[in-house]
There are 2 protein chains.
Amino acid sequence: MLTERQSRILEFVISEYVESAAPVASQYIGQKYPVGASPATIRNEMAELEEQGYLNQPHTSSGRIPTDRGYRFFVESLMHEEELSWDAQQTIRHQFHQVEHGQEAWTQLAASVLAQAVENAALVTEPRMDACRIKHLQLVSLHDFTMLLVLVLDESRLKQQVLTLDEIFTQEELTETATRLNQRFAGSSAAEVVAADPTLSQVERLVMDAVIEIMSSVDAGSFDEAHLEGLRHVLSQPEFSGSDQVLGLLELLDEHNISQAIPLRSLARGGVTVIIGADNPQLPQANDALRACSVIVSTYGSPGDASGALAVVGPTRMRYSRTISTVRYLAGVMSELLAEHYE
Amino acid sequence: MLTERQSRILEFVISEYVESAAPVASQYIGQKYPVGASPATIRNEMAELEEQGYLNQPHTSSGRIPTDRGYRFFVESLMHEEELSWDAQQTIRHQFHQVEHGQEAWTQLAASVLAQAVENAALVTEPRMDACRIKHLQLVSLHDFTMLLVLVLDESRLKQQVLTLDEIFTQEELTETATRLNQRFAGSSAAEVVAADPTLSQVERLVMDAVIEIMSSVDAGSFDEAHLEGLRHVLSQPEFSGSDQVLGLLELLDEHNISQAIPLRSLARGGVTVIIGADNPQLPQANDALRACSVIVSTYGSPGDASGALAVVGPTRMRYSRTISTVRYLAGVMSELLAEHYE
DNA sequence: GTTAGCACTCTCATGGAGAGACTGCTAATT
DNA sequence: AATTAGCAGTCTCTCCATGAGAGTGCTAAC
C-alpha cells in the first residue's frame, strides 16, 4: 500500500517523534534525513500517510505525529531489530549474578534490571507451573501448642503457615510425622492428595488440610503475582504531564490491579508480543491512561516446566527496537537461569 | 505565648485549611466558627500569629496558611486525640482476619489497610529481632548435584538458597546432615556459629557457610524491608499537582530508597512520633518532595521480642488527629497478633 | 480592646495582538 | 505526471492590558 518513499518518511517521522515528543514538520525531515525530495513533496506524502491512517495532525498547520497504526506498521515492517550491544548484555548479566542467594527476590530483581535497561516500567511475574506439586514438607515446633508448617513446592517455592495443635508434640514427633507424610505425598498435586483420601491421624489431617488449602490457593493463582518497577520513567514522559494521567497509572500500582489490567500470561503467545496503545482488544479498556501506552511482553522459562512472563510498559512513543531486543534478551537470560536452577 | 483566642483561631485556620487546601480568610473564619469577634479583630490576631511564625501568607492580601510550626503547636497543644470509631476499628480488624494463612504478606496487608484507613501513603516494615537465630534448617535434594537449603529463623522467617554439591547425596543423607546440624546449631546466632568454629565435614561446611552468609545479610539489615502502599492518595492531593513534586516522591518508591529516606526504626521512640515537614533534623533533606510531608510513625511488637515500625506519610496538611489514632490503634492490633503467633 | 470603613494589593480569568511555525493549494517547472 | 517554489491561511503560544474579586492593613471611631 505504501510506496518506498512513504515508508521511509513514516520511519523518519517516527524516529524523530520518539526522540522529541513534538509534532514533526516536513521541512525538518527534509533537512535532517536523506529523503531526496523537497518539503512540499514530503508534505504531499504526509498527507497521503494521514489519509491512510498512519499519521495524525493535532491541528491543521502543525506537524504530524504517528498513530497507533503507524507504530504498528513500523514495528512489523520497518523496524530492523538490533542485537543488544555487548555492553548492555554484560550489564544485565552482571546485575543478575550479584544477587545469587535467596531466589525470593529474583523476579523483583529482574523487574528492576529491565526497568533500568529500557527506561520504562517493567513487569515480571513469578515463574509458575500448571499444577504445583509437593516437593517436601516440614514441621517445626514453635511453642507448646503451635508449629510451623513449611511447604516446599516444585520450583522451590516456599510456603509457610502457623498451625495450632490440640496436644503437645515434641520436635521429634513432628519430624517423624513430616517424614511419613513426605513418603506418602511427595510429588503429589493438590488434586491427587484429595483424590487419594487416605486415612490419617488427627495431626496428619490437620497438616494436610492446610497443605491442600495452600496449594489450592497457589493453583487458583489466576492471581499471578507481578512485580512492577520503574513506573517513574513512564510518568516523567511529557505525555503524562497532566496529573490526571498520572493518577490513572498510579492506580495500577497501588491496588495490585496490575495483574488484572495487564493479563501478561494470556497476552504472551511465545516469543515477543507487541501491543500498541488501544489497538489490541485483549487489553481491557478500563484504564484510560493505558491507552497511551504500549506493552512489550514475552514469556520466559519453558512451557512444560515452570514459566512466567515479563513485560515492558511505556508510552506508545517508545524506542521499540531497543525495547524489544532487551525483552527478548532478558527472557533468554531468565530462561537459562531457571533451567540451571531446577533442571 | 499565645492567648486563648489566638489558639482557637489557629485551630480554626488549621481545621479549615486541612479541608480546603486554600488560604483561609478572616471573614470566613468569623462566619463559620464561633470566634466571637469581628473579621477585623481576627485579622489582628492573625497578624500576630504570623509574627510568631505559626501562620504564613502566600502573598499580601491573601488568606493565611499554617506553617510547620503551626502544625506542630496544633499537634502538641491543641489537638484532642480522638478514639478511633468502633466502626473503623472493626473494619481494620476484619481486614486482618481475612488473610490468616501465609504470614509472608502480613506486613504488606498492614500497609494496605493503613493506607486505606487514613487515605495517605503507609509504610510498614517487617518485624525483626536484634540478632537473628537459627530455628531450624533443612536440606532438600533437588537434583543430583543441587540441593535446596531451607533456613527457618526466629520469627518464622524463611530463607532459602540453592547449593551446588561436589558429589551426589541422597535425600536420606541430606536429612541426616540437617539433623546433625540442627542439634548442634539450633538457637545460635551467626556470631556464635562463627565463634564456635567447629570441625565440619565438607558438606556441613558448605551449608554453614551459606547459613552464615544469609544470617549476616539479614542482620546487616540496616536494610529493613518496608512495604509502601497508597502513594496515590498523597499524589492526588493538590499540593502535588506540579509534576516535579510527583516525580520526587516516585523516586522513593522505585529505587527502594524508602528505608533510607525515612529511617523508621530510628525515628520511632516508643509510642507515636510525629515529624512535620522539614522541621525534624533526623530526616535527611535529600528529597525535596518530603519537605511538604509529615510522617506519623510508631513501633509495633515488643522491644525485647520482635518489633517493627509502621508509618503514615502524607502532606503536612493532614488530618493529624485521625491519622495518629489510626496509627496507634493499628500498632496495637499488630502487636497483639505478633504476640499471639510467636509468644 | 474592638470594630467599621476604605484604600490598597495581589490573583485570576479574559481577550486581543503579534510572532512563529507549518500546512495546503496553486501554478510553474522538469 | 511528478515535483517544486511561493504564498496565503490557520493554529498555537506568549505577552500584555484589563477588570473583577477576594482579602488584607490601616486609620479612625466606638
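Labels below follow one simple rule: chain letters A, B, ... track the order of the sequence lines, proteins then strands, and each chain is numbered from 1.
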When rounded to whole Å, the CD to P distance for the pair B/E45 and D/dC26 reads 15 Å

Give the C-alpha distance, both sets of side-chain angles, the deciding distance and a yes or no for side chain to side chain donor-acceptor pair (under 3.5 Å) between A/E82 and A/S321. CA-CA 7 Å; A/E82 66 208 49; A/S321 171; 3.0 Å; yes

Spell out protein contact along nucleotides 22-30 of chain C as letters: B when the base is contacted, S when just the sugar-phosphate is, - when no protein heavy atom is under 4.0 Å; keep the 5' to 3' order. BBB------

Shortest non-hydrogen contact from A/L84 toward A/S325: CD1-CB, 4.1 Å

Yes or no on side chain to side chain contact (heavy atoms under 4.5 Å, CB included) for A/E119 and A/R232, after CA distance, side-chain angles and deciding distance? CA-CA 9 Å; A/E119 292 174 322; A/R232 95 201 113 98; over 6 Å; no

How many Å lie between CG on B/L55 and C1' on D/dG23, as a whole number? 15 Å

Tell me whether the count of non-hydrogen atoms from other residues, nucleotides or ligands lying under 6.0 Å of CD in A/Q27 goes above 12. no

Quick check: does any side chain N or O of A/Q6 sit under 3.5 Å from a backbone N or O of A/T3, one acting as donor and the other as acceptor? yes

Using atom CD of B/Q31 as one end and atom P of D/dA22 as the other, report the distance to the nearest whole Å. 12 Å

Looking just at side-chain N and O atoms, do B/Y33 and B/S15 make a donor-acceptor pair shorter than 3.5 Å? no

Just the rounded figure in Å: distance from P of C/dG1 to CD of B/E4. 17 Å

Rounded to whole Å, the CD1-C1' distance (B/I42 to D/dG23) equals 13 Å

Tell me the interatomic distance from B/E48, atom CD, to C/dG1, atom P, rounded to whole angstroms. 12 Å

